[in-house]
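A short write-up of the structure that comes next.
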Amino acid sequence: MNALFLLLATLAVFTPLFLAGFRKYTGRKARRALWSNIVSFCAMFVLATVLGFTGSASAAGAAADAAAASSDGLMMGLKYIGAALAVGLSGIGGGIAVASSASAALGAISENDKAFGKALIFVGLAEGVALYGLIVALLLLFT
């Protein structure tokens, strides 16, 4: 059973890579590769959830130990999911902020060279969003 889960996980990880490479080779748009990447992420998430619940429940011997291990395992799993969401979403938000502020900063610098310092500060503030997400994730993991 674990070998089947490992095979499905490997297939879910490498399918979007092969599809994106094939699309790049043929010169077509990679819209299908993006959707397969999203579907494989959801499949990996469900697979990890199933393996996490079955692994923590089968490891406990007695009923009291099973309840304690299950709640502890669930707590740790939710802690990791929260940390991943904090880093992932803040990284996406920081990337969007840097994309818009950096393009505006380049436009301002091309018109006036003295605006470099102010533009650099605004781009740095946009990058700070991702750093805050990383700090929140580290606080979640180590406290």
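Numbers for residues simply follow the sequence, beginning at 1. For clarity, every value in this text was computed on a predicted model and none was experimentally measured.
Atom CD1 of residue Ile81 and atom CE of residue Met76 lie 12.0 Å apart, to the nearest 0.5 angstrom.
Contact detail for Gly133 and Ser90: the closest heavy-atom pair is CA-OG, 3.3 Å. Between Ala126 and Ser101 the shortest heavy-atom distance is CB-OG, 3.8 Å.
Residues that satisfy the side-chain contact (heavy atoms from CB on, under 4.5 Å) test with Phe116, not counting sequence neighbours, are Ile109, Leu120. Under the side-chain contact (heavy atoms from CB on, under 4.5 Å) criterion, Leu106 pairs with no residue, sequence neighbours left out. Residues passing the side-chain contact (heavy atoms from CB on, under 4.5 Å) test with Ala105 are Ala119, Val123, sequence neighbours excluded.
Grouped by direct or indirect side-chain proximity (heavy atoms under 4.5 Å, Ile/Leu/Val/Met/Phe/Trp/Tyr only), Ile96 sits with Ile92. The hydrophobic cluster of Val129 has no other members, since no ILVMFWY side-chain heavy atom comes under 4.5 Å of it.
For the pair Leu140 and Tyr80, the minimum side-chain heavy-atom distance is 4.5 Å or more.
Remark: of the listed residues Ile135, Leu134, Leu138, Val136, Leu134 is the sole one forming a side-chain contact (heavy atoms from CB on, under 4.5 Å) with Val87.
Counting heavy atoms of neighbouring residues, nucleotides and ligands inside a 6.0 Å radius, atom NZ of Lys79 exceeds 12 of them.
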